[in-house]
Asker: 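Below you'll find the structure I mean.
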Number of protein chains: 2
Amino acid sequence: MDASVLVDPSPEAACEAVAAGIEAGEVVSVFGRCAVEYEGRASSTLGPGDRLLLLKPDGTALVHTEEGHQPVNWQPPGCDHAVAVEDGDLAVHSTRTTPEEELDVRFAAVAQVSRYAATDDSELALEGTEADLKRRVLDDPALVEAGFEPRATERETPAGAVDVYGVDADGNTVVVELKRRRVGPDAVGQLARYVEALRRDSHEGASVRGVLVAPSVTDRARELLAERGLEFVAVEPTA
Amino acid sequence: MDASVLVDPSPEAACEAVAAGIEAGEVVSVFGRCAVEYEGRASSTLGPGDRLLLLKPDGTALVHTEEGHQPVNWQPPGCDHAVAVEDGDLAVHSTRTTPEEELDVRFAAVAQVSRYAATDDSELALEGTEADLKRRVLDDPALVEAGFEPRATERETPAGAVDVYGVDADGNTVVVELKRRRVGPDAVGQLARYVEALRRDSHEGASVRGVLVAPSVTDRARELLAERGLEFVAVEPTA
DNA sequence: TAATACATATCGCGC
DNA sequence: GCGCGATGTGTATTA
């Protein structure tokens, strides 16, 4: 771990530091008054304001204002960053292809440039995901209903892959859609697509049930389930 | 715009700077070797590594590693940040309620603490959104088809609000779902929900057509549209 | 590379 | 505050 910083640098000094940081594979931050333009999947313009620009060695660029979780502008990993002094301003230019996208951050004034040499060997261990919910259901299929027998996961249908595919005590096919959190109408639509696809493909007489497994459901989603003859079972992603 | 920085501070000096920055309503960044724990909607643990912590005056916290667009851990706006020295480590603690969530970032070593006083009066001007596509369609309904007449936007149905609601040259009801980008199966499910809801509510004889308006469609989505008797029209969000 | 679905999604709007 | 849907969504996985 190593870090260096320039305070109130000239545009030329800032440019040199940013270029050196990128070259060295460091994380570079620039704080100053800037304007931002973006063009690609959409296009945007942002007038002057004080923001923090982060450049990562994987080609990520983030422009953060003083509020919000989301950066006001950004470039995803894999971009090429370039830096130059243009008309006395520090100009950072980030581009990529597929899709063609371009981000321009132009600093009229730079207050601080930092370079961070970061090494990080740890991986995030996350619990409470849909994968955890699936594990719970496969470990104890009775959470869905007594007699439920899982037969496959990620089983393919013409409408997409079903989370858990199995049979009930009466031999009916059961399609289970898992959600780690409270579900709305979108999840009902998803389950309905899978059920309809399997009914379409199935031989006559074989009935297909659809079960949404999630911690809870909104009123509207519950109505949509009822209209389509689908079911809901409350299960939390973790015990 | 004003900024200050501490290099290789003691835990106590770092703590004081972070606390002062938060108190002053500034953006605060801390770079150093840290471990992170999160508990709330899910839970996670992250072992030691070099990362950049951003604390914003609106109560946002972001932990960024040297790669990726997304922070490895975070807290959304509205949280309360607290900082302390614990067993010689700089500990930053961020909490919120509804839902109850808690983020702990514990620095074994701090390389840099920066304070940024940011003012930003500009708003992002974004083009190429779904709102732009809607404007296009309302300005020139023939983009959907000759004779199409919009009658309402955001019209409510039991399944949710329809983007554009209108009638065709033959007097049939037309439901238009707009997407700013290439659409997949999820958009077909959404359109199908609206169409089904309106058919259910409508008097006999009145037919309801569903049209997906987007730049393009995936193969699977096209098949699903065909199976459900729904239509697709290619339109870009901007001319 | 494209497609499909998850995500501690976040964000904004309406009720 | 909850519900609902858009997002330049990003991200992983799979074909």
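Letters A, B, ... are given to chains in the order of the sequence lines, protein chains preceding strands, and every chain is numbered from 1.
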Asker: Can you find an N or O donor on one side and an acceptor on the other, under 3.5 Å apart, linking the side chain of Asp186(A) with the base of dG5(D)?
Answerer: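 Answer no: no donor N or O sits under 3.5 Å from an acceptor.
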Asker: Using a heavy-atom cut-off of under 4.0 Å over every strand shown, decide if Pro99(B) touches base, sugar-phosphate, or nothing.
Answerer: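 The answer is nothing, as Pro99(B) stays clear of every strand by at least 4.0 Å.
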Asker: With a 3.5 Å limit on both atom pairs, tell me what dC15(C) is paired to, counting Watson-Crick and G-U wobble, or say none.
Answerer: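 Base partner found: dG1(D).
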Asker: Can you check the distance between dT8(C) and dT14(D), where both ends of the measurement are the C1' atom (answer in whole Å)?
Answerer: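 Each nucleotide's C1' atom is 25 Å from the other's.
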Asker: Closest to the Leu124(A) side chain: dT8(C), dG1(D), dT10(C)?
Answerer: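 Ranking dT8(C), dG1(D), dT10(C) by closest atom to the Leu124(A) side chain puts dT8(C) first.
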Asker: Quantified in whole Å, what is the C1' atom distance between nucleotide dA7(C) and nucleotide dG5(D)?
Answerer: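 Their C1' atoms lie roughly 16 Å apart.
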Asker: Are Asp132(A) and Arg135(A) ion-paired here, with the side-chain N under 4.0 Å from a carboxylate O?
Answerer: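 The answer is yes: the pair qualifies as a salt bridge.
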Asker: Over all strands shown, is Thr129(B) touching base, sugar-phosphate only, or nothing at heavy-atom distances under 4.0 angstrom?
Answerer: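 Sugar-phosphate contact only.
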Asker: Return whichever of Pro185(B) or Val72(B) has its heavy-atom-nearest nucleotide of DNA chain C closer to the 5' end.
Answerer: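 The residue closer to the strand's 5' end, by nearest nucleotide, is Pro185(B).
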Asker: Does a salt bridge link Asp168(B) with Arg209(B), judged by any charged N lying under 4.0 Å from a carboxylate O?
Answerer: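 Result for this pair is yes, salt bridge flagged.
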Asker: With nearest nucleotide decided by heavy atoms, which residue, Pro77(B) or Asp163(A), maps closer to the 5′ end of DNA chain C?
Answerer: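 The 5'-side residue here is Asp163(A).
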Asker: Applying a 4.0 Å non-hydrogen cut-off, can you work out what Ala159(B) is touching in the nucleic acid: base, sugar-phosphate, or nothing?
Answerer: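 Counting heavy atoms under 4.0 Å across all strands, the contact made by Ala159(B) is with sugar-phosphate only.
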Asker: For a quick check of understanding: with a heavy-atom distance under 4.0 Å over all strands, which category does Gly128(B) fall into, base, sugar-phosphate or nothing?
Answerer: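 Answer is nothing: Gly128(B) stays at 4.0 Å or more from every strand.
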Asker: May I ask you to evaluate whether Gln70(A) reaches the phosphate of dA9(C), defined as a side-chain N or O under 4.0 Å from OP1 or OP2?
Answerer: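 So the side chain of Gln70(A) is outside the cut-off, no N or O lying under 4.0 Å from OP1 or OP2 of dA9(C).
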Asker: Could you tell me the separation between the CD atom of Glu123(B) and the C1' atom of dC11(C), rounded to a whole number of Å?
Answerer: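 Answer to the nearest Å: 14 Å.
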Asker: Is it true that Arg228(A) and Glu223(A) make a salt bridge, defined as a side-chain N closer than 4.0 Å to a carboxylate O?
Answerer: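 Here Arg228(A) does not pair with Glu223(A) in a salt bridge, since their nearest N and O are not under 4.0 Å apart.
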Asker: Looking only at N and O atoms, is any donor in the side chain of Glu154(B) or the base of dG14(C) less than 3.5 Å from an acceptor on the other one?
Answerer: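 No.
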Asker: Would you say a side-chain N or O of Arg193(A) is under 4.0 Å from OP1 or OP2 of dA5(C)?
Answerer: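 Yes, Arg193(A) has a side-chain N/O under 4.0 Å of OP1/OP2 on dA5(C).
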Asker: Does the distance from a Lys or Arg side-chain N to an Asp or Glu carboxylate O, for Glu101(B) and Arg96(B), drop under 4.0 Å?
Answerer: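 A salt bridge is present here (some side-chain N lies under 4.0 Å from a carboxylate O).
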Asker: Within the structure, does a side-chain N or O atom of Arg180(B) lie under 4.0 Å from either OP1 or OP2 of dG8(D)?
Answerer: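 Arg180(B) to dG8(D) OP1/OP2: no side-chain N or O under 4.0 Å.
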Asker: To the side chain of Lys179(B), which of dT4(C), dT11(D), dA6(D) is closest?
Answerer: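 My answer, after comparing the listed nucleotides, is dA6(D).
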Asker: May I have the distance from Glu37(A) (atom CD) to dG8(D) (atom C1'), rounded to whole angstrom?
Answerer: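 So the two atoms are 15 Å apart, to the nearest Å.
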Asker: Could you please name the option among dC4(D), dT9(D), dA6(D) that lies closest to any side-chain atom of Arg41(A)?
Answerer: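 Nearest to the side chain of Arg41(A) among the choices is dT9(D).
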Asker: Between dA5(C) and dA9(C), how far apart are the two C1' atoms, rounded to whole Å?
Answerer: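 Each nucleotide's C1' atom is 13 Å from the other's.
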Asker: Find the distance Tyr38(B):OH to dA7(C):P and express it as a whole number of Å.
Answerer: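 Roughly 12 Å, once rounded to whole Å.
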Asker: Go nucleotide by nucleotide along DNA chain D from the 5' end; which of Arg220(A) and Ser44(A) gets its closest nucleotide reached first?
Answerer: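 Looking at DNA chain D, the more 5' nearest nucleotide goes with Arg220(A).
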Asker: So does Lys134(B) pair up with Glu130(B), basic N to acidic O under 4.0 Å?
Answerer: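 The answer is no: the pair does not qualify as a salt bridge.
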Asker: Please state whether the phosphate of dG5(D), meaning OP1 or OP2, lies under 4.0 angstrom from any side-chain nitrogen or oxygen of Tyr194(B).
Answerer: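 The answer is yes; a side-chain N or O of Tyr194(B) sits under 4.0 Å from OP1 or OP2.
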Asker: My understanding is that a pair needs two contacts under 3.5 Å, Watson-Crick or G-U wobble. By that rule, which nucleotide pairs with dT8(C)?
Answerer: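 Its partner: none found.
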Asker: For dG3(D) and Arg182(A) - does any side-chain N or O of the residue sit under 4.0 Å from the phosphate oxygens OP1/OP2?
Answerer: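 Affirmative; the distance criterion is met.
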Asker: Contact class for Glu156(B) (heavy atom, under 4.0 Å): base, sugar-phosphate, or nothing?
Answerer: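 Nothing: the residue Glu156(B), judged by heavy atoms under 4.0 Å, touches no strand.
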Asker: When all nucleic acid strands are considered with a 4.0 Å heavy-atom cut-off, which category describes Arg96(A): base, sugar-phosphate, or nothing?
Answerer: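 No contact at all - Arg96(A) keeps every heavy atom at 4.0 Å or more from the nucleic acid.
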Asker: So, OP1 or OP2 of dA9(C): does either fall under 4.0 Å of a side-chain N or O from Arg181(A)?
Answerer: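 True: Arg181(A) side-chain N/O within range (under 4.0 Å) of dA9(C) OP1/OP2.
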Asker: Distance check, P atoms only: dG8(D) and dC4(D), in whole angstrom units.
Answerer: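 My reading of the P atoms in dG8(D) and dC4(D) gives 23 Å.
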Asker: Will you find, in the side chains of Glu66(A) and Tyr116(B), an N or O donor that is under 3.5 Å from an N or O acceptor?
Answerer: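 Glu66(A) vs Tyr116(B): no donor-acceptor pair found between side chains.
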Asker: Lys56(B) has an atom NZ; how far is it from atom C1' of dT10(C), in whole Å?
Answerer: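 Distance check: Lys56(B) NZ to dT10(C) C1' gives 12 Å.
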Asker: Could you check whether any side-chain N or O of Tyr194(A) sits under 3.5 Å from a backbone N or O of Leu198(A), counting only pairs where one atom can act as donor and the other as acceptor?
Answerer: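 No, Tyr194(A) side chain to Leu198(A) backbone: no donor-acceptor pair under 3.5 Å.
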Asker: Classify the nucleic acid contact of Ser43(A) as base, sugar-phosphate or nothing, counting any heavy atom under 4.0 Å across all strands shown.
Answerer: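 Nothing: the residue Ser43(A), judged by heavy atoms under 4.0 Å, touches no strand.
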Asker: Looking at Arg180(B) and Glu127(B), is any side-chain nitrogen of the basic one under 4.0 Å from a carboxylate oxygen of the acidic one?
Answerer: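 A salt bridge is absent here (no side-chain N lies under 4.0 Å from a carboxylate O).
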Asker: What is the distance, to the nearest angstrom, from the CG atom on Leu178(A) to the P atom on dA5(C)?
Answerer: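 In whole Å, dA5(C) P and Leu178(A) CG are 14 Å from each other.
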Asker: For a quick check, tell me whether the side chain of Gln75(A) and the base of dG8(D) share a donor-acceptor pair closer than 3.5 Å.
Answerer: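 For Gln75(A), whose side chain was compared with the base of dG8(D), there is a donor-acceptor pair (under 3.5 Å).
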Asker: Return the value, rounded to whole Å, for the distance between atom CD of Glu177(B) and atom C1' of dT7(D).
Answerer: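 Taking atom C1' of dT7(D) as the reference, CD of Glu177(B) is at 14 Å.
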Asker: Nearest to the side chain of Asn73(B), heavy atoms from C-beta on, is which of dG1(D), dT11(D), dT8(C)?
Answerer: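 The nucleotide sitting nearest to the side chain is dT8(C).
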Asker: Considering every strand and a 4.0 Å limit on heavy-atom distances, what is the contact class for Gly160(A): base, sugar-phosphate, or nothing?
Answerer: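 Sugar-phosphate, backbone atoms only, no base.
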Asker: In whole angstroms, how far is the P atom of dC4(D) from the CG atom of Leu191(B)?
Answerer: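 After rounding, the gap between these two atoms is 18 Å.
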Asker: Grab the CG-P distance between Asp219(A) and dG3(D) for me, whole Å please.
Answerer: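 Taking atom P of dG3(D) as the reference, CG of Asp219(A) is at 7 Å.
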Asker: Under 4.0 Å: is that the gap between some side-chain N or O of Trp74(B) and OP1 or OP2 of dA9(C)?
Answerer: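 Indeed not, no polar side-chain atom of Trp74(B) lies that close.
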